[in-house]
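Everything on this sheet refers to the single structure shown next.
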Amino acid sequence: MKMPFLNNKQLEKSFHYPEDNIPEHIAIIMDGNGRWARKRGMPRTVGHKEGISAVAKIVRAAVKCKVKVLTLYTFSTENWKRPKPEIEFILRLPKEFLSIYLPDLLSNNVRIEAIGDMESLPAYTREAIQYAIDRTRDNDGLQLNLALNYGSRHEILNAMKGIITDISNAKLSLDELDEQQFSGYLYTAGIKDPDLLIRTGGEKRLSNFLLWQLAYTEFWFTDVLWPDFSEKEFLHALEEYSQRKRRYGGI
Ligand code: FPP
């Protein structure tokens, strides 16, 4: 079954894609899949599956708007607390997503990356992601980061451990350690901090997502549940972002 794909000419005509003041890096907390399904009297997993189509639509919109980096919170370190069948269902989604959309991602010059602790993920998730990373390695369009088994506190703690190890091996000097060097120890090393964070599903919290990286990011919240999140809302977020004045603590 082929779901909405990235080059949908009909949709393209109905939207105005802004060209100025586009955030280079957008991070999204995709929340509300479970409620979307429950509202329809269906199991929560139906909402997660529907979430895949929303991912495809938003990737397509990000490509059209020439966003450079899109980071999607797909599975958090806290999501292990969910019932086992739901965890397994979510962890099978990257493979399902890529089996449908990888050809479109390739033809749209998208490069896939992953952030998070990949080691503890099941082989079917790791292998699907690694295959996509390898296949898209030479693409230089949108960088699509899938945050999988990602938790920001864990990431920061790991960075601290790496730094302490490098200091004790004299590879790093404590006196010279600065914010830029610290960032280099995070999963997001080399990636510009997000300019815009979008959270769907009505909650207004960060849920352990990119705590270091979001220090100066603009936030945009919507009550729309992730499976209903469409290009229209995405472009609305971009429109509001373009009106914001970013001062980074200055005047
Ligand atoms: C949060 O909604 C969503 C998740 C934990 C899973 C996110 C996964 C997807 C959107 C699909 C997979 C995407 C890719 C890129 C393969 P929730 O379950 O917490 O919803 P609720 O707050 O309504 O319960």
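Order of appearance sets the numbers: ligands from 1, and atoms from 1 within every ligand. What you are looking at is a predicted structure, and each value in this text was computed from that prediction instead of being measured. Worth knowing before you read on, the calculation uses all heavy atoms, side chains too, and leaves out hydrogens, waters and symmetry mates.
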Are the side chain of Thr74 and the backbone of Leu72 linked by a donor-acceptor contact shorter than 3.5 Å?
-> yes
### Query
Within the distance-only criterion (no hydrogens, no angle test), does the side chain of Gln243 pair as donor or acceptor with the backbone N or O of Glu240 below 3.5 angstrom?
no
Ring pair (Phe, Tyr, Trp, His ring centres under 6.0 Å) pairs touching residues 158-183, sequence neighbours excluded, are Phe182-Trp212
Students should find that the hydrophobic cluster of Met42, defined by side-chain heavy atoms under 4.5 Å apart, otherwise consists of Trp36, Val46, Leu225
Self-check item: Parallel, tilted or perpendicular, as decided by the 30° and 60° cut-offs, for the rings of Tyr150 and Phe209
Solution: perpendicular
Distance filter under 4.0 Å, heavy atoms only, around ligand 1 gives Met30, Asp31, Gly32, Asn33, Gly34, Arg35, Arg44, His48, Val55, Thr74, Asn79, Arg82, Leu93, Pro94, Phe97, Leu146, Trp226
By ring pair (Phe, Tyr, Trp, His ring centres under 6.0 Å), Tyr216 pairs with (sequence neighbours left out) Tyr248
